[in-house]
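Working notes for the structure below.
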Amino acid sequence: MTWLTNTLVLSINSHRFKLVWLGAFIIFLFILPLFSGDYLLYMVMQMAILCLLSYSVNLLLGYTGLLSFGQAGFYACGAYACGKVLLAGASLLPGIVIGVAVAAIAAIILGFFCVRHTAIYFAMLTLAFGMMIFSLTQKWVNFTGGDDGLIGIPRAALNFFYIFNIKMDTIPAYYYFVIAATLIAIYILYRILNSPLGLIFQGIRDSETRVSFVGISVRKSRLICFTIAGMYAGLGGALLAPLEQTITPSASHWINSTDPIIATLLGGMYNFSGPIVGSVIYFLLKDIIVRFTMNWMLILGIIIIILVLTFRGGVMGAFRAYLLPWLKSRLRQGA
Amino acid sequence: MDNFIFQALNGLSSAMFLWLVAAGLTVAFGVCGILNIAHGSLYMMGAYFAFTSFQILGLNFWLSIVFALIGVGIIGFLMERFFLRRIYAQPIEFQLILTFAFILVFDNLTKMIWGTMLIIPTMPSLFQGTIPIVGRPFPIYNLFIIGAGIGVAVGLWLIMERTWWGKKLRAAASEREMANAIGINIPALFTAAFVFAALLAAIGGALSTPIRVCDSGVGGAVIIPAFVVTVIGGLGSLKGAFVGALIIGVISSLCTLYIPFIELFILYLIMAVVLIIRPQGLFGGER
Amino acid sequence: MDEVILRSERLTKSFGKFIAIDNIDLKFKSGIITSIIGPNGAGKTTAINLLTGALHPDKGKVFFKDKDITSLTPDQSVKHGITRSFQIMNIFPMLTVLQNVELPLLSLLGKNLKWFYAVSRYRDVAEEAEKILRELSLWDKRNKVAGELSHGDQRALEMGMAIAPKPEMCFLDEPSSGTNPLERASILELIKRLAEEGSTTFVIIEHDMDVVFSLSDWTIVMNKGKVLAEGEPDEIRQNKEVVEIYLGEEV
């Protein structure tokens, strides 16, 4: 037993063991289709997409100190753009790339205005822009299909000139694509957040004036951050379009911007793995609670209230602050 | 032209609902510094309470409004006293998330209590009928709403400008430390202000039941136009909320007449433009 | 070294009806420590805000080495070589001590848009950060979260952030406020050392008269948004008007 706790604590703490955990997690994700049905794979893909959205939110909220109610707008940009491209007969990769690019362009344009504000004005402006995108998706019927949305989006094959051509019509095939794309995206974000640029973002969260007085343009850095966040939301949307094969305006409604906020808060917003943990917990909680009671929203609401009032660090924060020291002290007593 | 006048008048009556919601939002933000996303849910609770006492308990129209006020007042008290109070010092982001959680709670509670039943408008006999305006029948009740909205505005103005309590509220809103120094009991005042804000929402909700369909999703739906209104008028400014409500009510009503496709888009565009050009709104101070 | 490095011309700034800075001409000479003193509300911090780009004046101009820098934003004025510290503590409380000094170096060394490699991979940043932290005697605490440092250490850290971009001119707004006597002594020691070693011109806002007279070569007295007097500390100590409005109770 001591050996087990010992390994556990060590594995939580040291860098090398973290990599082992991570490797195990990735291997698990890749062998999952071998023994699970399509429904579970579908769930995991949903988790992955929520996770990308949560990273988009957490980059702004946890790392730069900005709460956006408009991320669903960029999500919809990615989804609609990708859907349109695939409907036009393109293959998967151009669809995803264009989806992300459209979201990025939208984020640059809207971000130019948003990043001049902070706190409440930022939240309100992102809300307004998000809802503008929502009403566009609803009313620009010729392009977006109105309330019916885009229907029959093909899950096009992944081909790259004549080098490879992989069919995506089965759930497991698309699952591998989604997981690979998500993992690559998360890895890139990890690099960004540990880089000088990421340090600047965190500086802005802590003290905007201080950042400007060390010679860095706060607006420019915020705009970069906003654009990256938009791209991650867009990637989530772009991956969603071929999965659901239908995209409706509800994707861009502001209520959709709150799911990733909640997931981020659940997982822990000052923690890099927070959004992954949060998205998984969010889906599992929902899946479990819905089995027992109709009142999923009530319970979710209460969970958020408790989190905000008592522990804003979320699950990962609580883990670091309470569980880890406790495990260590147990270990010391044992030895 | 007749179309225009008639539709503008319609817009005026829907502007009054916007005003009642925005007024409470403004009081809560101005005094307590909290932007209550769940304010629309308080409006919804007002509607449900009034509907229940009118339709199910068979009370008369006025008594059911009082019933709604009491119910929502208690909810507002509990919300401020046990939850919001603990988060005033935190960054605004957490306040927004916390009050958003209350939308979920209220939505679900109404579903539990009232089921998925829709509140279908029933006009009390008192207000049945129409009067001709520009040769068309205009519902008496809509006129009553316009009167009630203006009445609340005047009442609010009197309370804020003429009473000691109103002065204390304004002091707490503008100079928190000074208010503290001259011996105003800030926590109690905040509770009172928040309850007051909740009551304004309750009036709006209760008055809406004869003409508006209401279900458990209304809380989230009502709050967004109210945000648009308060942003345009200036966060924290009552005058701004009134003028903003008039502008938005009339514009959206005219849009439905002439350019129904882009009505919503125009509203959010106005909100965004105001935020970009003049974030403090039409009547906001330097805060 | 009597060369004027930074000067203002007819600087005016008001907030509503309150005139915070009233038509003042300030001059700061290169290579010496200048201190600005004056009662609360005299406009000292506003003056610094105007000179560093945190605020922009209603009227008047600011020249740095004869270049008009009146309308620069803070980040631009840092690039011109002007930095500052703040009266109310302004560090990055959730970052580590090391990260706190790395941030100012990023822009200096042109690494602020690098987005792929970890900060620690940039040798020049790491070396410079180590040098600064050793100077501040904070090297042993480099992996601590800055918000958890003692008040005195936080003050030292903030000063480190102000000098990290190797400024030609550095404004320190009450660098010793809120510290205990021991911490204060070490902060003063630090300022003195930095001023002697480096090529930075320091301007200090202070309340504590001992600090002013022991540290500075030149003193500017402000009152009600105007310059009341300036001169060497000994002259100021003898100036009747100054003694009346400000020093009266203390000297």
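Letters A, B, ... mirror the listed sequences (proteins, then strands); counts begin at 1. We use all heavy atoms of the structure for the numbers below, so side chains are in, but hydrogens, waters and symmetry mates are not.
Residue contact with chain C, scored on non-hydrogen atoms closer than 4.5 Å, is absent for V218(A). Y190(A) does not touch chain C: none of its heavy atoms, backbone or side chain, sits under 4.5 Å away. Interface residue I91(C): only backbone heavy atoms are found under 4.5 Å from chain A. At a 4.5 Å heavy-atom cutoff, the contact between I224(A) and chain C is made by side-chain atoms alone. Within the 4.5 angstrom heavy-atom criterion, atoms from both the backbone and the side chain of L103(C) approach chain A.
Note on P93(C), P165(C), A164(C), A146(C): by heavy-atom pairs under 4.5 Å with chain A, the leading option is P93(C). With respect to chain A, the highest number of heavy-atom pairs below 4.5 Å among T52(C), V125(C), I82(C), T73(C) belongs to T52(C). Among R191(A), K220(A), Q202(A), the residue making the largest number of heavy-atom pairs under 4.5 Å with chain C is R191(A). Note on D75(C), V78(C), N100(C), V119(C): by heavy-atom pairs under 4.5 Å with chain A, the leading option is D75(C). The candidate with the highest count of non-hydrogen atom pairs below 4.5 Å against chain A, out of E158(C), M94(C), R121(C), K79(C), is M94(C).
Ring-plane geometry between Y187(A) and F116(C) is classed as perpendicular, the angle between the planes exceeding 60 degrees on a 0 to 90 degree scale with a lower cut at 30.
For F113(A), the side-chain contact (heavy atoms from CB on, under 4.5 Å) partners are L125(A), F129(A), I276(B), not counting sequence neighbours. Residues meeting the ring pair (Phe, Tyr, Trp, His ring centres under 6.0 Å) test with F63(C), sequence neighbours left out: none.
Formation of a donor-acceptor pair under 3.5 Å by the S85(C) side chain with backbone atoms of M159(C) is not found in this model.
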The test is salt bridge (Lys or Arg N to Asp or Glu O under 4.0 Å); show your working for R210(A) and E208(A) and say whether it passes. CA-CA 5 Å; R210(A) 226 327 156 200; E208(A) 213 183 293; over 6 Å; no
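No option in K44(C), K13(C), R84(C), H56(C) other than R84(C) meets the side-chain hydrogen bond (donor to acceptor under 3.5 Å, both in side chains) test with N49(C).
At a threshold of 4.0 Å, the pair E127(C)-K131(C) does not count as salt-bridged, since none of the basic side-chain nitrogens sits closer than that to a carboxylate oxygen.
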